[in-house]
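Chain letters run A, B, ... following the sequence lines, proteins first and then strands; every chain starts at 1.
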Amino acid sequence: MFKVWYHDNKSFAEYLIKITNLGNYNPQIEKISLGRNFADNPDAIQKILYLDVPDAIITYGFPEKPVLGIEFCAEAPSGHDIFQRVARVVASASFGTAFAFIFPEKKWVIRRIGGRWDIYNPLPLRALVNISTFHKVPAIPFFWEASQLSGNKSEGFLLTDQEFPNMPDRNSAEMKKFAEFVNLTITYVLQNRNFEEMMFDPFILERVAWMWDKYHERYRRKPDLYSWSPLTSCKIIKTSELVELVREKIGIEPNLPHYIIDRADTIVYEPSTRNFRADPYTGSLVGIDYLTCRNGESVRHRYRNLVIHFPHVSFQKMKKMFVRYYKEECPFRPNNEETDTYLTLHLRDGCRYTKQKELRIYCYIADLLLFHDAALY
DNA sequence: TCGCCGGTACATCATCAGCG
DNA sequence: CGCTGATGATGTACCGGCGA
């Protein structure tokens with residue numbers, strides 16, 4: 001009745017089953033289908049992949065209903081690196097699927113001269129509190145602990161598991177908490193209790209307190225939201241100034257929708273990259289939304305506009321991306337002869353799930369996308 | 001000194017052509 | 001028709017100059 005779905009690494013699923021009570025239910029392991037086989041996924045899994053794909057998904061029953069998404073991240077936790085996975089947390093949470101996000105508390109990074117601890121950015125913790133609050137479903141972080149004494153030197157001193165060398169040590173305090181969370185989720189599912197109720201479970205209340213505790217532990221050092229990534233690349237302007245900015249870019253008066261005009265303020269995320277690329281900016285954009293714009297569960301529930309601006313990218317560059325998709329992959333391309341599940345998927349949902357991640361996330365999340373020569377809204 | 005963040009190396013995936 | 005290797009796209013993690 002439980003199944004564990006994995007994206008590209010089967011050992012994630014095996015590890016999960018080993019360290020939690022999942023093993024008691026003899027769960028099947030399945031691979032998430034991507035690309036042309038996307039339609040093979042159960043409907044409810046398709047839904048939570050509309051922005052991005054997590055490392056593992058636990059489902060229950062038939063048709064399979066996702067109950068928990070899981071992400072394991074081994075990347076150094078400072079700067080924007082953790083944020084790039086936030087879109088997949090939000091995609092799950094917004095369809096009522098709980099989430100566990102594991103990332104390093106700190107990691108030893110080698111620099112030209114010696115090395116140093118790269119310690120976690122506090123903002124992902126705050127973003128996760130907000131995601132949980134708005135969607136009324138637990139989206140909970142767990143630290144992948146590190147130690148110079150007992151950690152794996154080649155992995156930046158992260159504590160790694162004996163049996164699964166790419167995974168966090170199951171005997172660390174945080175991974176025990178993680179296993180407890182997975183087990184709690186299983187209990188709620190089996191008792192047919194909803195996740196909204198789980199938000200008031202003592203375990204979750206305790207964990208949320210822990211999240212704020214860990215947030216402030218770091219935030220204290222620089223007690224200004226906008227001095228932590230990715231808000232360091234953002235500025236807040238009046239919406240009247242936004243209208244002016246757009247007019248400058250496109251040369252004519254923009255006809256912005258009323259819901260944009262009606263919000264007094266606008267936050268502009270302005271990465272200075274020359275490439276139109278997904279990571280880490282897609283995830284950061286979602287993080288910025290939950291940190292500084294949202295006041296509810298949908299993209300319309302915002303008290304402030306969310307704009308992403310690529311001052312060094314031309315619209316042509318983005319256009320190239322969806323033109324390539326249309327010409328080579330989209331089943332709607334005029335020369336397509338196939339009448340398969342991929343075509344049927346598109347007849348039902350368009351390219352919601354199959355077009356490039358950049359296009360999915362930026363266009364779904366931002367109120368307005370600004371290039372150096374164009375605006376999309 | 002600490003953390004940022006754009007660039008990049010590299011791994012992996014899906015797809016497809018060529019081959020037995 | 002299945003296998004295999006090539007290829008381009010995508011995703012992960014790392015690097016290190018730099019600025020506060």
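The CG atom of A:Asp8 sits 10 Å away from the P atom of C:dG11 (whole-angstrom rounding). For A:Met321 and C:dG8, the CE to P distance is 16 Å, given to the nearest whole Å. As a whole-Å value, the separation of A:Arg221 CZ from C:dA20 P is 18 Å. As a whole-Å value, the separation of A:Tyr325 OH from C:dA9 P is 15 Å. Nucleotide B:dC4 holds its C1' atom 14 Å from the CD1 atom of A:Ile82, rounded to whole Å. Rounding to whole angstrom units, CG of residue A:Leu231 and C1' of B:dC5 are separated by 14 Å.
The A:His80 side chain lies nearest to B:dG6 when the options are B:dG3, B:dG6, C:dG11. For A:Arg116, the side-chain atoms get nearest to C:dG17 when compared with the rest of C:dT10, C:dG17, B:dC5. Closest to the A:Glu75 side chain, of the nucleotides B:dG3, C:dA13, C:dA9, is C:dA13. The side chain of A:Lys31 lies closest to B:dA14, out of C:dA13, B:dA14, B:dG6. Residue A:Arg36 places its side chain closer to B:dC16 than to any other of C:dC14, B:dC16, C:dG11. Taking the side chain of A:Gln356 as heavy atoms from C-beta on, and the options B:dG6, C:dG11, C:dT10, the nearest nucleotide is C:dT10. Counting only heavy atoms from C-beta on, A:Arg324 has its side chain closest to C:dT10 among C:dC14, B:dG7, C:dT10.
Salt bridge absent: A:Asp161 and A:Lys18 never bring a charged side-chain N and a carboxylate O closer than 4.0 Å. Ionic pairing of A:Asp289 and A:Arg294 is present here: one or more N-O contacts between side-chain nitrogen and carboxylate oxygen are shorter than 4.0 angstrom.
One finds no side-chain N or O of A:Ser233 lying less than 4.0 angstrom from the OP1 or OP2 phosphate oxygen of B:dC4. When the side-chain nitrogen and oxygen atoms of A:Thr273 are compared with OP1 and OP2 of B:dG7, one or more of them lie within a distance under 4.0 Å. OP1 or OP2 of B:dG6 sits under 4.0 Å from a side-chain N or O of A:Tyr281. An OP1 or OP2 oxygen of C:dA13 is reached within less than 4.0 angstrom by a side-chain nitrogen or oxygen of A:Arg85.
A donor-acceptor pair under 3.5 Å is absent between the side-chain atoms of A:Asn130 and the main chain of A:Ala127, judged by distance alone. A donor-acceptor contact shorter than 3.5 Å links the side chain of A:Ser94 to the backbone of A:Ala91.
Taking for each of A:Trp228 and A:Asn275 the nucleotide of DNA chain B with the nearest heavy atom, the 5'-most of the two is the partner of A:Trp228.
More than 12 heavy atoms of other residues, nucleotides or ligands shown are found within 6.0 angstrom of CD on A:Glu241.
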